[in-house]
Trainee: 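Got a structure for you, questions after.
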Amino acid sequence: LSEKGKETLMELYFGKSGLGYALGRVHINSIDFSVEAYSFDDVDGDFELKHFDMDVKHDNQKDGMMDMIRRATSVFATAWKPAEVEDGEETTTGSLANVTKDGNLLMYASPWSPPAWMKNPTWEDPKNATHASGMTGSTEPSCLREGTGKDSRYAKAWALYFSKFITAYREHGIPLWAITVQNEPEFPAPWEACAYTSKTEADFVAYHLGPQLEKDHPDVKLFMFDHNKDHMIKWAKVLLNETAHPSYKYIDGTAYHWYAGGMDRLLDGAVGSPNLHRFQSTLKDLFEVKENATNATLLVDETTATVTVAPETPLEPVAPTQDKEHIILGSEACHCPYTGYAGGDIEVYWARAERYAHAILADLAAGSNGWVEWNLVLDSVGGPNHLNNLCDTGILAVPHRAIFNGTESEIPPTLPFEKTKHKFGVNVGDSRTRAELNALGFPAKYLDDGLAVQPIYYYMGHISRYVRPGSRVLSGLIQESKASEESSATTTPFRAFRSQGQVVPGGGFNDLARNGIEVTAWPCEGSTRQVFHWDEDTKHIKVLGHDWLGKPTKSCVAKEEDLSFKGITLKDCKRKPAATFEKVLIKSKNKNETWVQFVQTNVPESSKRVDRCLVLGHLGNGGGALGPRGGAPVRYGSCASAQSKWKYSDPSGGEITTVLDTGGEVCMTTGWPFLQMGAFSTPNGESESTVVLLNEARDSANYVLYDGNDVVLSGSIPPRSIQT
């Protein structure tokens with residue numbers, strides 16, 4: 001990028017007119033998005049790290065990373081620091097009450113791999129090798145030679161490596177707020193990696209990393225896990241369990257990623273929300289948080305463990321017995337493969353932007369304290385990446401599109417350090433004119449500076465610009481219209497996407513009708529995401545839709561619950577993974593109501609229950625800011641349960657509805673509804689409170705916004721859009 005391009009990039013991300021990003025991540029040693037593999041001490045057997053490069057030349061001089069952090073810090077502080085915070089005031093460390101002041105760019109660091117000499121040889125190395133020949137790949141249950149036990153010299157040296165990295169960055173004017181133990185410890189990836197189990201990571205923290213940080217950098221926070229939502233509870237029960245392992249006393253938070261795992265990248269950011277709620281309940285159990293008299297929902301927020309109560313009730317913080325704040329951080333998210341610019345399909349890059357907004361709002365509602373995108377800037381195809389793991393981001397560097405003083409750039413489309421061999425087709429963005437790209441959502445004024453600013457960027461801005469550091473999530477949920485409550489039992493009720501008396505669902509095609517999506521329950525909106533059909537011939541409960549590319553999809557309710565998510569997901573409609581049901585009528589005292597049970601007929605042999613029905617489960621943490629109706633999991637349970645009763649409107653609409661035992665009607669839903677919201681108290685924002693509305697449907701929706709029973713405003717949100 002030119003100097004003008006760099007300045008524009010910094011303003012877009014960190015400036016007052018930009019997104020105002022307040023949190024950033026830097027990697028320790030190289031990663032797959034590095035041009036080449038590197039570490040800061042490659043001397044075999046240097047257990048005291050006497051050869052560690054305290055100048056961190058690669059980050060400081062070679063790739064511009066530290067220059068970028070310094071620029072970001074300066075731009076951010078100038079734009080966002082409140083008047084009462086004086087220059088030089090130390091707010092990057094210490095309690096969360098300090099870091100929630102705006103204007104302080106918080107940086108944390110994560111490692112992918114130790115230097116090769118610290119690692120066990122992998123399958124790529126000769127049989128007689130004493131250590132790995134490179135940093136890619138990992139052995140299990142730990143990559144480290146001699147393991148992570150108390151006597152491991154390599155684990156001790158690796159912990160010291162963290163300390164020296166933190167010191168080196170601080171000496172170059174970049175104090176780190178936190179570190180994570182390991183990026184994606186459950187994945188022995190083909191790129192830079194170091195695998196751990198929950199036990200080996202707990203040992204490393206308790207016997208090496210924790211004591212080292214306590215001695216050298218007691219102000220730097222330590223986050224455990226740093227992987228996907230499916231196993232975060234399992235890891236917490238080991239690393240945060242006071243009675244199970246001493247690692248708990250060194251850990252300040254839990255980092256997690258948004259990925260689904262597996263090969264279906266359209267599931268990234270789409271699964272795991274109920275698990276995040278369950279994680280909050282797990283923290284409550286582990287930390288023995290005492291409920292106060294309001295019996296309100298526990299949320300671990302930015303200041304301490306607090307309760308969210310009714311609007312008229314003052315907030316009363318409650319303290320964990322460990323007297324320790326536990327931060328929950330969404331530490332990595334991105335779409336792969338390829339970029340919206342290069343792929344050229346507006347349906348794909350717009351859906352990617354929507355998925356970001358959904359994931360952020362859902363995570364914050366479940367008690368997450370922040371959300372970090374993987375890469376700030378990539379090239380036009382989603383690299384450089386030395387293993388062609390090409391991914392997307394909000395802004396792409398396209399210096400070959402820049403215009404200098406009316407003259408087109410002489411920079412070639414591909415630079416020598418960029419990979420050109422990939423399997424994702426032609427670069428459509430490079431073949432489009434400036435005017436065409438501008439019309440498709442890539443503003444021409446930024447292309448002139450060598451930057452392709454994608455729709456992801458603008459969706460992010462609807463949240464990051466207004467929900468500033470120090471904000472607090474508020475209770476809020478999109479519910480059925482009050483007109484629906486007044487409709488008679490003999491009339492099809494009013495829904496946001498289906499007028500009263502109509503039976504055809506609205507919202508456009510269901511892009512969540514795909515294998516792996518969780519089956520949940522939300523307030524009814526009358527959309528295709530809430531249409532399920534019981535097939536009288538196959539006995540399957542199936543859903544139909546299309547993916548982001550318009551390809552038809554069909555999935556069925558799974559035969560078994562997902563063991564990690566503790567709920568039912570969608571599976572391929574083949575007899576082995578898909579469940580079969582009989583629809584059984586239930587006698588009702590009200591003659592105008594017809595209730596049914598869906599009784600499973602192909603109960604797995606592993607099940608201890610003979611009578612298995614579809615039942616509505618409960619969200620952990622009381623559903624957080626969304627409440628118990630905000631995505632409760634559909635599960636298998638006893639047919640004697642009151643939550644096994646459903647209403648089924650097929651063939652007139654395909655809704656499967658029930659009533660929570662805590663009150664309120666809900667509809668069975670593929671993933672989540674088209675219409676979503678997030679509500680926040682925003683003391684550092686443009687107003688004291690902020691509401692974000694997201695509409696993923698292909699239809700517009702009218703709404704009335706209430707604060708309790710008071711009408712705040714009424715309006716309409718267009719198709720495929722976001723409002724703040």
Trainee: In terms of side-chain geometry, is the basic nitrogen of D46 or K50 positioned less than 4.0 Å from the acidic oxygen of its partner?
Mentor: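 No, no charged N to carboxylate O under 4.0 Å.
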
Trainee: Whether R153 engages the ring of W158 as a cation-pi pair (distance to the six-membered ring centre under 6.0 angstrom, angle to the ring normal within 45°) should be assessed.
Mentor: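 Relative to the ring axis of W158, which defines the angle, R153 lies outside at least one limit.
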
Trainee: Parallel under 30°, tilted from 30 to 60°, perpendicular over 60°: which one fits the rings of Y21 and Y13?
Mentor: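 Rings of Y21 and Y13: parallel, under 30°.
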
Trainee: Carefully, step by step, assess S273 and N275 under the rule side-chain contact (heavy atoms from CB on, under 4.5 Å).
Mentor: CA-CA 5 Å; S273 284; N275 248 24; over 6 Å; no

Trainee: Is the distance between the ring centroids of F187 and H227 under 6.0 Å?
Mentor: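 So the answer is no for these two rings.
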
Trainee: Show the numbers, then the answer: is there a ring pair (Phe, Tyr, Trp, His ring centres under 6.0 Å) between F40 and H58?
Mentor: CA-CA 8 Å; F40 298 105; H58 185 280; 7.1 Å; no

Trainee: Between D216 and S163, is a side-chain hydrogen bond (donor to acceptor under 3.5 Å, both in side chains) present by the stated rule, with each step listed?
Mentor: CA-CA 7 Å; D216 298 341; S163 177; 2.7 Å; yes

Trainee: Evaluate the ring planes of W117 and F47, with Trp represented by its six-membered ring, and classify them as parallel (under 30°), tilted (30 to 60°) or perpendicular (over 60°).
Mentor: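 Plane angle over 60°, so perpendicular.
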
Trainee: For residues Y161 and F165, establish whether the separation of their ring centroids is below 6.0 Å.
Mentor: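 Here the rings of F165 and Y161 have centres that are no less than 6.0 Å from each other.
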
Trainee: R352: what forms a salt bridge (Lys or Arg N to Asp or Glu O under 4.0 Å) with it, not counting sequence neighbours?
Mentor: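 For R352, the residues satisfying salt bridge (Lys or Arg N to Asp or Glu O under 4.0 Å) (neighbours in sequence not counted) are D392.
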
Trainee: Can you find a pair of side-chain heavy atoms, one from W235 and one from Y196, that are under 4.5 Å apart?
Mentor: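 When only atoms from C-beta onward are counted, Y196 and W235 do touch, with a gap below 4.5 Å.
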
Trainee: What closest approach, in Å, do W371 and A333 show between heavy atoms, and which atom pair accounts for it?
Mentor: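 So the minimum-distance heavy-atom pair works out to CZ2-CB, 3.3 Å.
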
Trainee: Any chance you could lay out the salt bridge (charged side-chain N to carboxylate O under 4.0 Å, His left out) test for R170 and D219, step after step, and finish with the verdict?
Mentor: CA-CA 12 Å; R170 179 168 288 181; D219 55 336; 2.9 Å; yes

Trainee: Would you call K229 and D363 a salt bridge, using N to O less than 4.0 angstrom?
Mentor: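 Here K229 pairs with D363 in a salt bridge, since their nearest N and O are under 4.0 Å apart.
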
Trainee: Give the minimum heavy-atom separation between P115 and D42, together with the two atoms involved.
Mentor: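 Closest heavy-atom pair between P115 and D42: CB-OD1, 4.4 Å.
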
Trainee: Any chance you could lay out the side-chain contact (heavy atoms from CB on, under 4.5 Å) test for W112 and I28, step after step, and finish with the verdict?
Mentor: CA-CA 7 Å; W112 268 240; I28 302 173; over 6 Å; no

Trainee: Checking the side chain of H172 only, and the main-chain atoms of A168 only, is there a donor and an acceptor separated by less than 3.5 Å?
Mentor: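 Between the backbone of A168 and the side chain of H172 there is a qualifying donor-acceptor contact (under 3.5 Å).
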
Trainee: Measure up the W374 and F33 rings against each other and bin them: parallel (under 30°), tilted (30 to 60°), perpendicular (over 60°).
Mentor: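 Because their plane-to-plane angle is over 60°, the rings of W374 and F33 count as perpendicular.
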
Trainee: Just verifying a value: how many Å separate N621 CG and F279 CZ, rounded to the nearest 0.5 Å?
Mentor: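 One finds 11.5 Å between CG of N621 and CZ of F279.
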
Trainee: Are any side-chain N or O atoms of T200 and backbone N or O atoms of P141, one a donor and one an acceptor, separated by less than 3.5 Å?
Mentor: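 Yes; judged by distance alone, with no hydrogens or angles, the pair exists.
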
Trainee: Measuring from I166:CD1 to H217:NE2, what's the distance to the nearest 0.5 Å?
Mentor: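 Nearest 0.5 Å value for the CD1-NE2 distance: 5.0 Å.
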
Trainee: Show, in sequence, the C-alpha distance, side-chain angles and deciding distance for K156 and E146, and conclude whether the salt bridge (charged side-chain N to carboxylate O under 4.0 Å, His left out) test is met.
Mentor: CA-CA 10 Å; K156 182 178 180 180; E146 299 180 359; over 6 Å; no

Trainee: Out of curiosity, H131 NE2 to C143 SG, how far, rounded to the nearest 0.5 Å?
Mentor: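 Atom-to-atom, H131:NE2 and C143:SG are 13.5 Å apart.
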
Trainee: Taking everything shown except K164 itself, do over 12 heavy atoms lie less than 6.0 Å from its NZ?
Mentor: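 Yes, the 6.0 Å shell around NZ holds more than 12 heavy atoms from other groups.
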
Trainee: State the NZ-CG distance between K221 and L106, to the nearest 0.5 angstrom.
Mentor: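 Going from the NZ atom of K221 to the CG atom of L106 covers 10.0 Å.
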
Trainee: Please check this pair: side chain of Q280 against backbone of A366, looking for a donor-acceptor N/O pair closer than 3.5 Å.
Mentor: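 Here the side-chain-to-backbone pair exists.
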
Trainee: With sequence neighbours left out, write down each residue that passes side-chain contact (heavy atoms from CB on, under 4.5 Å) with S34, or none if nothing qualifies.
Mentor: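 Checked S34 against side-chain contact (heavy atoms from CB on, under 4.5 Å); matches are H27, S30, I31, Y38.
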
Trainee: For Y459 and I360: C-alpha separation, side-chain torsions, deciding distance, then whether side-chain contact (heavy atoms from CB on, under 4.5 Å) applies.
Mentor: CA-CA 10 Å; Y459 268 72; I360 296 169; over 6 Å; no

Trainee: Identify the two heavy atoms, one from A270 and one from L266, that lie closest to each other, and give their separation to 0.1 Å.
Mentor: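 Here A270 and L266 meet closest at CB-O, 4.3 Å.
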
Trainee: Can K199 and D203 be said to form a salt bridge (charged side-chain N to carboxylate O under 4.0 Å, His left out), step by step?
Mentor: CA-CA 6 Å; K199 174 64 166 61; D203 288 345; 2.7 Å; yes

Trainee: Once you round to the nearest 0.5 Å, how far does CG of L23 lie from OG of S331?
Mentor: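 Between L23 CG and S331 OG, I get 9.5 Å after rounding to 0.5 Å.
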
Trainee: Checking R465 now: which residues fulfil side-chain contact (heavy atoms from CB on, under 4.5 Å) with it, not counting sequence neighbours?
Mentor: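 R465: side-chain contact (heavy atoms from CB on, under 4.5 Å) contacts with E686.
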
Trainee: Just by modelled atom types, is the N375 backbone N or O under 3.5 Å from a matching donor or acceptor in the T393 side chain?
Mentor: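 Present.
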
Trainee: Ignoring hydrogens and angles, tell me if any N or O in the side chain of D252 forms a donor-acceptor pair with the backbone of L222 under 3.5 Å.
Mentor: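 Yes, because the side chain of D252 sits within donor-acceptor range (under 3.5 Å) of the backbone of L222.
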
Trainee: Which of parallel (below 30°), tilted (30 to 60°) and perpendicular (above 60°) describes Y356 and H335?
Mentor: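 Rings of Y356 and H335: parallel, under 30°.
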
Trainee: Going by an N to O cut-off under 4.0 Å, is there a salt bridge joining K234 and E186?
Mentor: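 Salt bridge between K234 and E186, a charged N being under 4.0 Å from a carboxylate O: no.
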
Trainee: Looking at N60 and D55, what are the two nearest heavy atoms and their distance?
Mentor: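 Scanning both residues, the minimum pair turns out to be CB-O, 3.6 Å.
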
Trainee: Mind checking the OG1-CG spacing from T8 to L1? Nearest 0.5 Å is all I need.
Mentor: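 Spacing of OG1 (T8) from CG (L1) equals 9.0 Å.
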
Trainee: Where do A22 and R468 come nearest, in terms of heavy atoms and distance?
Mentor: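 Shortest heavy-atom separation between A22 and R468 comes out as CB-NH2, 4.5 Å.
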
Trainee: Please determine whether salt bridge (charged side-chain N to carboxylate O under 4.0 Å, His left out) holds for the pair E332 and R25, giving the CA-CA distance in whole Å, both sets of side-chain angles, and the decisive distance to 0.1 Å.
Mentor: CA-CA 9 Å; E332 182 182 312; R25 180 176 69 163; 2.8 Å; yes

Trainee: Check whether the side chains of K119 and S113 place a donor and an acceptor atom closer than 3.5 Å, and report yes or no.
Mentor: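 K119 vs S113: donor-acceptor pair found between side chains.
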
Trainee: Is the side chain of Y154 donor-acceptor paired with the backbone N or O of N120 at a distance under 3.5 Å, no angle test?
Mentor: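 Not a single qualifying donor-acceptor pair exists.
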
Trainee: Any carboxylate oxygen within less than 4.0 angstrom of a Lys/Arg side-chain nitrogen, looking at D67 and R70?
Mentor: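 Salt bridge: no.
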
